[in-house]
S.K.: 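Input: one structure, supplied below.
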Amino acid sequence: MDPPWVQSSFEGIGGDLSKASGCRNTISSLRPHIPVASKVKSRRGAAAASCASMAKTGWRQDYNRDSAESWVERHAPTTTMELAVHKKKVEEVETWLRAHALQYNARKGSILLITGPAGAGKTATLQVLCKQLGIIIHEWINPLEIGGNGFGKETFGWEREPRGFGSGVQTQVALFREFLLRANRYRALCLNGGEASVEPEARLILLEDIPNQFYREPSSLHDVLRKFSICGRCPLVLVASDCSGSEYSLRTLLPRGIQEDLGVHVISFNPVSPTSLLKVLMRVASAETAQVRGRPCVLNQTVLQDLCASSAGDIRGAINALQFAWQCASIRTQDTSDSTSSVFPRKLLRGGVGFGPGRRGRRGTESPTSPEESRTVFGGRDVSLFLFHALGKILHCKRENGPISESHALPTHLTHQQRNMLAVNPEDVVERSQMSPELFTLYLHQNYLGFLHDAEDVSAAAQHLSDADCLTADWAVRVEMRDYVAAVATRGLLHSHVGRARSGVAGVGFRPLHKPEWISVHRKYVEARLEAKQLFSSFCLPPLALHLELLPYLALLNTPLRNPGQIAFLQDVGRFMHIKLPHRQEVITIAEHDGGGIDPDNNPTDPTSALPAPSNQSAYRDLSASQPQPMDSHEGYEDEELFIEEFDSD
Ligand SMILES: Nc1ncnc2c1ncn2[C@@H]1O[C@H](COP(=O)(O)OP(=O)(O)OP(=O)(O)O)[C@@H](O)[C@H]1O
């Protein structure tokens with residue numbers, strides 16, 4: 001029992017009380033342990049009661065109950081067997097947890113990063129495993145107001161309790177640092193005896209809700225994590241969704257170099273497979289059917305399959321869509337009159353919700369025939385493509401099988417241009433890759449050679465890619481022409497692929513894909529531009545004059561420059577004619593889950609990031625005698641007084 005003063009002060013506020021007051025430690029130690037299940041039940045009970053008072057019939061009551069509670073929560077997995085995640089991934093997470101959270105001697109500040117698409121079950125897996133292994137989760141939740149309290153929630157299995165930190169004006173980052181470094185420092189007070197010994201020792205910190213400030217300034221997150229990896233007292237698990245192409249992507253926040261520095265272990269989840277998704281939806285649907293009193297409302301299997309297809313491996317989205325479809329069906333069954341049509345558009349009620357076993361039931365209801373249709377009906381997910389798959393869809397040039405229908409047949413004089421129908425819509429692929437058409441074209445340009453069979457095909461493809469390049473050459477119309485760039489490059493490439501023009505022709509099989517060399521060349525260009533600006537700032541020339549007039553001129557002169565940086569730079573950019581490239585530059589292979597944007601690890605617009613060491617030293621070799629020779633090594637360059645000879649252009 002709570003002491004009377006605690007009861008009287010906090011009666012009726014329930015679990016959220018400590019969140020509001022920011023002194024959760026004391027409260028949780030004084031209050032008896034309330035299992036979360038009971039909290040949830042009581043909440044459900046209240047919701048159901050309020051619904052019941054409004055309900056006129058049993059059906060209406062069920063509908064209100066349904067709408068009051070999310071099925072995602074109601075049917076959350078409780079055991080690893082119920083998880084719709086691939087077994088290997090679950091095992092990987094479990095192995096890491098056993099090694100780092102359960103082992104007493106394990107390095108305490110170790111970090112696990114779980115990535116994957118949204119709704120792939122990353123958090124659910126962690127929660128289920130922690131519950132199973134008896135690990136308490138301290139989760140960081142961003143404070144709603146800066147200057148108020150920062151909160152963490154502590155979970156054990158499904159239990160959630162807020163944790164507050166002292167009041168006063170503090171920045172979000174400071175609060176976060178305090179949370180991360182102190183979350184496991186002290187154990188909760190236990191004044192009623194006994195409970196502390198029952199509580200398991202193993203803990204971890206869960207960070208899913210990353211403070212916004214870190215997206216603006218990732219280095220501050222790196223600093224905090226560095227400190228944590230040294231003096232953290234329990235493991236940290238970061239859960240982050242892949243959002244390729246977004247500036248808020250994980251790769252911006254935690255580039256590969258930093259991950260290696262901190263020894264971050266990465267486990268990457270895939271989207272939930274359609275088979276697992278279907279199993280979960282069927283389980284949820286049959287559990288709901290069993291609960292509905294009176295006449296059951298059943299969604300047929302085809303509808304469930306459509307929902308799986310449209311949710312693209314997002315289990316949360318699929319269950320939400322199922323709930324929505326179910327409620328539409330319930331309303332339709334309850335209200336035989338047309339009155340509901342005004343509330344729910346006919347389109348929603350017509351598609352997707354079948355009754356009984358057949359796809360097209362006796363009632364004439366038609367379920368969607370394609371994922372796209374079901375997406376429009378139930379608001380499914382807008383599916384983006386990983387770069388690897390998007391490129392593959394164009395380069396492998398898949399076409400439909402079977403003979404060409406008469407309506408699509410070309411006249412006899414154009415039969416050499418006849419191709420089977422494409423299996424994909426190329427513009428749609430470019431759009432879903434979340435890249436600009438220009439960048440996508442660069443990737444095609446880099447990789448198309450390995451996929452074409454004949455020199456004629458290569459020639460035709462090169463012609464189309466060049467046409468696409470020309471379309472954006474004029475800056476005044478560049479934006480308007482972008483869509484045409486995508487169409488000309490992709491359709492031109494697909495059309496040039498005569499080897500795959502007919503159905504039944506075998507593809508080239510797996511081919512590794514590479515990043516465009518343009519990216520490294522552009523990076524070098526940006527680097528050189530900045531370097532020249534710094535080294536030759538005293539000439540006060542605009543970039544165009546500096547690069548096209550002064551630097552080529554200086555490179556030809558035997559001017560005794562005293563600044564070794566200037567000399568090295570001139571040798572590097574001025575020896576263009578002397579560079580021999582016996583083979584192609586080393587190209588970077590694209591991994592399956594790489595995003596489409598320019599890799600921030602090697603961002604060409606930021607030459608300071610992860611650039612290869614300047615090759616100026618190696619540039620000294622093979623210099624002609626006419627080139628200025630270095631007078632000094634680079635060592636001591638910063639201490640040396642700079643002296644740049646005046647350059648008289650007359
Ligand atoms: N069989 C199941 N397996 C996994 N999750 C399930 C299952 N059934 C229901 N769910 C629910 O699906 C939801 C999956 O969301 P979860 O937060 O785990 O995904 P996530 O990959 O972490 O996505 P995000 O990065 O967007 O948070 C959870 O609410 C979970 O309770």
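Ligands are counted one by one from 1 in listed order, and the atoms in each one are counted from 1 as well.
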S.K.: Before signing off on this row, confirm whether Gly121 and ligand 1 have an N or O atom pair separated by under 3.5 Å.
M.R.: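 Gly121 vs ligand 1: N/O contact under 3.5 Å present.
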S.K.: Identify, by atom number and element, the atoms of ligand 1 in contact range of Ile319, meaning under 4.0 Å from any of its heavy atoms.
M.R.: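 Per the distance check, 8 (N), 9 (C).
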S.K.: Could you go step by step and tell me if Lys227 and Asp223 meet the salt bridge (Lys or Arg N to Asp or Glu O under 4.0 Å) rule?
M.R.: CA-CA 6 Å; Lys227 189 145 193 213; Asp223 291 344; over 6 Å; no
S.K.: Test of understanding: given a 4.0 Å heavy-atom threshold, classify the contact between Val72 and ligand 1 as side chain, backbone, both, or neither.
M.R.: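 Contact part for Val72 vs ligand 1: both backbone and side chain.
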S.K.: Measure across Tyr443 and Leu391 and return the closest heavy-atom pair with its distance rounded to 0.1 Å.
M.R.: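 Between these two residues, the closest heavy atoms are CB-CD2, 3.6 Å.
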S.K.: Polar-atom distance check: Ala84 versus ligand 1, any N or O pair below 3.5 Å?
M.R.: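 The answer is yes, given that Ala84 and ligand 1 share an N or O pair closer than 3.5 Å.
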S.K.: Please indicate whether any nitrogen or oxygen in Pro77 is less than 3.5 Å from any nitrogen or oxygen in ligand 1.
M.R.: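 In this structure, Pro77 places no N or O atom under 3.5 Å from an N or O of ligand 1.
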S.K.: Counting each atom of ligand 1 from 1 as listed, which ones have a heavy atom of Gly119 under 4.0 Å away?
M.R.: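 Numbered from 1, ligand 1 contributes 19 (O), 20 (P), 21 (O), 23 (O), 24 (P), 26 (O).
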S.K.: So which bit of Glu208 gets within less than 4.0 Å of ligand 1, heavy atoms only: side chain, backbone, both or neither?
M.R.: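 Contact part for Glu208 vs ligand 1: side chain (C-beta onward).
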S.K.: Show the nearest heavy-atom pair for residues Thr80 and Val128, with the distance to one decimal.
M.R.: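 It is N-CG1, 3.5 Å.
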S.K.: Can His75 and Arg283 be said to form a side-chain hydrogen bond (donor to acceptor under 3.5 Å, both in side chains), step by step?
M.R.: CA-CA 9 Å; His75 298 281; Arg283 179 171 60 85; 5.0 Å; no
S.K.: Of all the atoms in ligand 1, which lie at a distance below 4.0 Å from a heavy atom belonging to Arg283?
M.R.: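 Matching atoms, with element in brackets: 1 (N).
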S.K.: For ligand 1, does Thr125 get within less than 4.0 Å through its side chain, its backbone, both, or neither, judged by non-hydrogen atoms?
M.R.: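 Near ligand 1, Thr125 shows nothing, with every heavy atom at 4.0 Å or more.
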S.K.: What atoms of ligand 1 come within less than 4.0 Å of a heavy atom belonging to Ser241?
M.R.: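 Counting atoms of ligand 1 from 1, those under 4.0 Å from Ser241 are 24 (P), 25 (O), 26 (O).
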S.K.: Between Ile315 and ligand 1, which residue portion shows a heavy-atom distance shorter than 4.0 Å: side chain, backbone, both, or neither?
M.R.: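 For Ile315, the contact with ligand 1 is made by the side chain alone.
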S.K.: Please name the pair of heavy atoms, one in Phe214 and one in Leu253, separated by the smallest distance, quoted to 0.1 Å.
M.R.: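 Nearest heavy atoms, Phe214 then Leu253: O-CD1, 3.3 Å.
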S.K.: Is the closest N or O pair between Ala120 and ligand 1 shorter than 3.5 Å?
M.R.: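 Checking ligand 1 against Ala120, an N or O pair does fall under 3.5 Å apart.
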S.K.: Within ligand 1, which atoms have a heavy atom of His75 less than 4.0 Å away?
M.R.: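 The list of qualifying atoms is 8 (N), 9 (C).
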S.K.: For a quick test of reading the model, state the closest non-hydrogen atom pair linking Gln323 to Trp71 and the distance between them.
M.R.: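 So the minimum-distance heavy-atom pair works out to OE1-N, 3.1 Å.
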S.K.: Which value, rounded to the nearest 0.5 Å, describes the distance between Ile258 atom CD1 and Leu225 atom CG?
M.R.: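 Between atom CD1 of Ile258 and atom CG of Leu225 there are 9.0 Å.
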S.K.: Within the 4.0 Å heavy-atom shell around Glu82, which atoms of ligand 1 are there?
M.R.: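 So the answer, numbered in order with elements, is 1 (N), 2 (C).
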S.K.: Are the charged groups of Glu92 and Lys88 less than 4.0 angstrom apart, N to O?
M.R.: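 Not counted as a salt bridge, because no side-chain N and carboxylate O are separated by less than 4.0 Å.
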S.K.: Between Glu288 and Arg74, is the salt bridge (Lys or Arg N to Asp or Glu O under 4.0 Å) condition met? List the steps.
M.R.: CA-CA 10 Å; Glu288 289 298 324; Arg74 195 192 299 174; 2.6 Å; yes
S.K.: How far apart are the closest heavy atoms of Gln213 and Val173, and which atoms are they?
M.R.: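 Minimum heavy-atom contact is CG-CG2, 3.2 Å.
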S.K.: Relative to the heavy atoms of Ala76, which atoms of ligand 1 are at a distance of less than 4.0 Å?
M.R.: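 Within the 4.0 Å cut-off of Ala76, ligand 1 contributes 31 (O).
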